[in-house]
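Taking it in order: structure first as structure tokens, then the write-up.
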Amino acid sequence: MSGKGLNNFFKEYLNEKSIFLNKRVLQASYNPENVLHREKEVNLIANILAPILKKEKPSNVFIYGKTGTGKTLTMKYISDHINDVADEKKIQVKIIYLNCKLKRVADTEYRLIAQLVREFGKDIPPTGLPTDEVYNIFFKTIEDSEVILLLILDEIDQLVNKAGDEIIYNLTRINTELDKSQISLVGISNSLVFTDNLDPRVRSSLSEEEVLFPPYNALQIQDILKKRASIAFNSGVIGPGVIEKCAAYAAREHGDARRAIELLRVAGELTERKKKKKIRLQELDRAQEKIEKDRVIDTIQTQPKQSQTALYCITSLINEMKNKTYTGEIYEKYKTLCINLNLRPLTQRRISDIIAELDMLGIVNTNVVSRGRYGRTKEITIGYPLSMTTKIRKILESELGLS
DNA sequence: GTCAATTCACATGAAAGAGACCACGGTCTAGTG
DNA sequence: CTAGACCGTGGTCTCTTTCATGTGAATTGACGA
């Protein structure tokens with residue numbers, strides 16, 4: 001394209017009527033004005049948390065439900081409203097929302113507490129201080145600020161998995177030592193069985209109240225989609241059956257509304273790129289594929305070298321013969337590949353864990369099988385569509401610098 | 001043929017090490033008046 | 001005299017290694033029918 005041609009392209013692009021009216025509505029960060037089909041949960045949580053406005057400590061709440069069931073959205077919605085009223089009536093309330101999954105923000109005890117202190121405007125170094133020192137600073141800070149602190153810990157299961165349940169115990173226990181301030185905890189978890197493995201003391205104090213978010217059913221997702229679509233798209237853009245199919249896809253995936261919305265957005269983007277005026281079922285299918293593909297490729301590319309090497313071995317083994325392979329085979333192959341790549345090979349123990357990590361990411365599927373006299377091992381199959389193997393191998397080859 | 005013991009090839013756990021990053025306080029050095 | 005450079009110590013955090021223990025069914029071999 002020549003310079004002039006490019007100019008024309010951009011001009012044309014500007015003149016084109018977008019099918020989107022307001023794309024932001026379909027993005028994950030968007031907070032709708034009200035939360036559909038969650039009236040019961042909103043009321044319940046609002047009732048539990050309301051005492052905070054009278055300067056009384058609300059019960060700790062534990063919220064759980066699968067991904068995309070509106071937990072985070074609901075909590076944000078409620079806390080926004082609490083903040084509004086508190087501002088209006090000049091009530092001292094502090095609500096802190098932390099996502100424990102965010103790497104390097106709140107995924108360890110130290111970082112969580114440090115982040116909390118930062119929320120109060122103090123500066124804490126990212127490392128270097130002893131943890132109890134940070135606790136002391138935190139303690140002093142809230143005691144001085146004399147507030148009821150509502151601490152919302154999203155994806156709390158991740159935090160406990162990584163750093164143990166002592167943090168929660170410490171946070172709940174800190175109340176007994178606080179004089180002028182109090183802390184209430186709101187734990188949000190995707191895992192339904194999270195509390196089972198918790199220390200009984202922690203469990204009882206964290207889940208003084210429990211709220212379960214059931215998955216949306218297909219009709220509810222349709223409602224949500226229609227609402228969002230009416231704001232996001234120009235009228236008449238959505239073809240017949242699109243919303244319904246979109247909802248059906250999501251309902252199959254345990255009622256994940258986030259996925260449904262993303263699907264609709266990507267379908268819209270694809271439609272626009274093809275300069276079509278209407279989203280049809282065809283684009284929806286295409287979008288479904290694209291999302292899956294992007295997700296897999298993205299996770300693979302962000303893996304460390306060693307994981308990529310291990311994964312490359314798995315794809316090689318699966319490529320050259322059957323459709324499954326075993327830990328021992330992979331490790332043998334891995335060792336020789338490491339020599340070729342001039343990489344220090346890790347121990348089998350570590351590779352075993354790396355395979356488990358790849359399993360967690362959904363890139364491979366593993367299954368522990370006992371082959372009787374021939375030992376016990378993991379049976380590994382790939383977790384992405386077979387049609388993607390060539391592409392993925394290419395990506396891995398370039399990442400690893402293989403010819 | 002039956003049944004318990006054996007055996008394989010790892011899985012799974014726990015603990016500890018290596019190395020990167022960082023804060024803090026003390027000491028040294030060079031520049032300033 | 002003082003600001004800044006430069007240690008040493010002690011802390012967190014991630015990725016690994018080392019050591020130890022667990023595991024489930026095919027196989028083996030003793031046993032009795």
Side-chain angles (χ1 to χ4, degrees), chain A residues 98-118 121-141 155 157-168 170-171 193 196-199 299-314 317-318 322 324-339 341-361 363-381 383 399-400:
Chain A
L98 279 183
N99 189 329
C100 305
K101 207 173 77 179
L102 290 179
K103 290 258 173 197
R104 288 161 218 293
V105 176
D107 58 345
T108 68
E109 182 165 20
Y110 180 97
R111 299 217 259 244
L112 177 77
I113 305 298
Q115 188 60 34
L116 288 179
V117 178
R118 281 191 208 109
K122 291 202 181 175
D123 207 26
I124 292 280
T127 168
L129 295 181
T131 305
D132 35 341
E133 180 69 23
V134 186
Y135 258 111
N136 286 336
I137 300 174
F138 173 60
F139 186 84
K140 247 212 187 101
T141 318
E155 317 231 16
D157 44 332
Q158 304 277 334
L159 175 68
V160 172
N161 268 345
K162 265 197 72 178
D165 50 15
E166 276 164 45
I167 312 164
I168 302 175
N170 288 339
L171 279 175
V193 293
D196 294 359
N197 314 321
L198 239 50
D199 187 305
T299 39
I300 288 176
Q301 275 175 336
T302 51
Q303 285 305 299
K305 272 242 145 40
Q306 294 286 5
S307 298
Q308 290 178 343
T309 314
L311 180 60
Y312 186 75
C313 296
I314 296 174
L317 283 164
I318 284 184
K322 59 257 162 158
K324 52 182 144 183
T325 177
Y326 304 94
T327 310
E329 286 176 351
I330 294 169
Y331 190 62
E332 284 308 310
K333 186 130 197 151
Y334 164 80
K335 273 196 295 192
T336 57
L337 183 61
C338 275
I339 294 166
L341 285 172
N342 226 348
L343 213 61
R344 193 174 57 85
L346 303 177
T347 48
Q348 180 155 343
R349 176 72 187 82
R350 181 66 189 128
I351 293 300
S352 176
D353 277 351
I354 285 179
I355 293 171
E357 282 160 24
L358 290 173
D359 180 29
M360 287 279 293
L361 293 167
I363 298 171
V364 301
N365 296 320
T366 72
N367 192 12
V368 179
V369 290
S370 184
R371 292 177 300 172
R373 185 61 196 267
Y374 306 106
R376 217 165 110 88
T377 180
K378 268 203 198 98
E379 192 179 272
I380 293 133
T381 54
E399 288 275 331
L400 296 170

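Here is how names work: the chains are called A, B, and so on, in the same order as the sequence lines, proteins then strands, and each is numbered from 1.
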Would you classify [X] as touching base, sugar-phosphate or nothing, given that sugar-phosphate means primed atoms plus P, OP1 and OP2, and contacts are heavy atoms under 4.0 Å?
X         : result
Arg111(A) : sugar-phosphate
Gln306(A) : sugar-phosphate
Asp132(A) : nothing

query: dT12(B) phosphate, OP1 or OP2: any side-chain N/O from Ser352(A) under 4.0 angstrom?
result: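 Checking Ser352(A) against dT12(B): no side-chain N or O falls below 4.0 Å of OP1 or OP2.
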- prompt: Can you name the residues that form a side chain to side chain donor-acceptor pair (under 3.5 Å) with Thr309(A), not counting sequence neighbours?
  reply: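 In terms of side chain to side chain donor-acceptor pair (under 3.5 Å), with neighbours along the sequence ignored, Thr309(A) is linked to no residue.
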Rounded to the Å, how far apart are [X] [atom1] and [N] [atom2]?
X         : N       : atom1 : atom2 : result
Met360(A) : dA11(B) : CE    : P     : 17 Å
Ile351(A) : dA11(B) : CD1   : C1'   : 15 Å
Glu357(A) : dT12(B) : CD    : C1'   : 14 Å
Arg344(A) : dA18(B) : CZ    : P     : 12 Å
Arg349(A) : dT12(B) : CZ    : P     : 9 Å
Tyr326(A) : dC10(B) : OH    : C1'   : 13 Å

- prompt: Reading nucleotides 1-7 of chain B from the 5' end, what letters show protein touch, with B for base, S for backbone sugar-phosphate only, - for no heavy atom under 4.0 Å?
  reply: ------B
field: Nearest-nucleotide comparison on DNA chain B, the residue closer to the 5′ end among Gly375(A) and Lys378(A)
entry: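 Taking each residue's closest nucleotide, the earlier one in sequence belongs to Gly375(A).
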query: Where do Thr381(A) and Thr325(A) land on the side-chain contact (heavy atoms from CB on, under 4.5 Å) test, with the steps shown first?
result: CA-CA 7 Å; Thr381(A) 54; Thr325(A) 177; over 6 Å; no
task: Please examine the side chains of Thr366(A) and Leu358(A), heavy atoms only from C-beta on, and report whether any two atoms are closer than 4.5 Å.
output: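 No, every pair of side-chain atoms sits at 4.5 Å or beyond.
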message: If you define the side chain from C-beta out and look only at heavy atoms, does anything of Ser352(A) sit under 4.5 Å from Lys378(A)?
response: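 Yes - at least one pair of side-chain heavy atoms lies under 4.5 Å apart.
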query: Under 3.5 Å, is there a donor-acceptor pair linking the side chains of Glu399(A) and Tyr312(A)?
result: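 Absent: no donor and acceptor within the cut-off.
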task: Using chain A heavy atoms and a threshold of under 4.0 Å, write down where along DNA chain C the contacts begin and end, 5' to 3'.
output: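 Nucleotide range in contact with chain A: dG10(C) to dT28(C).
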Donor-acceptor under 3.5 Å (Thr141(A) side chain, Ile137(A) main chain):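 It does hold such a pair.
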field: Gln348(A) side chain to Glu332(A) backbone, donor-acceptor under 3.5 Å
entry: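 Side chain of Gln348(A) to backbone of Glu332(A): no pair is present.
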query: Between Glu357(A) and Arg350(A), is there a side-chain N and carboxylate O pair less than 4.0 Å apart?
result: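 Salt bridge present between Glu357(A) and Arg350(A).
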field: Ile354(A)/Gln306(A) under side-chain contact (heavy atoms from CB on, under 4.5 Å): CA gap, chis, key distance, verdict
entry: CA-CA 8 Å; Ile354(A) 285 179; Gln306(A) 294 286 5; 4.1 Å; yes
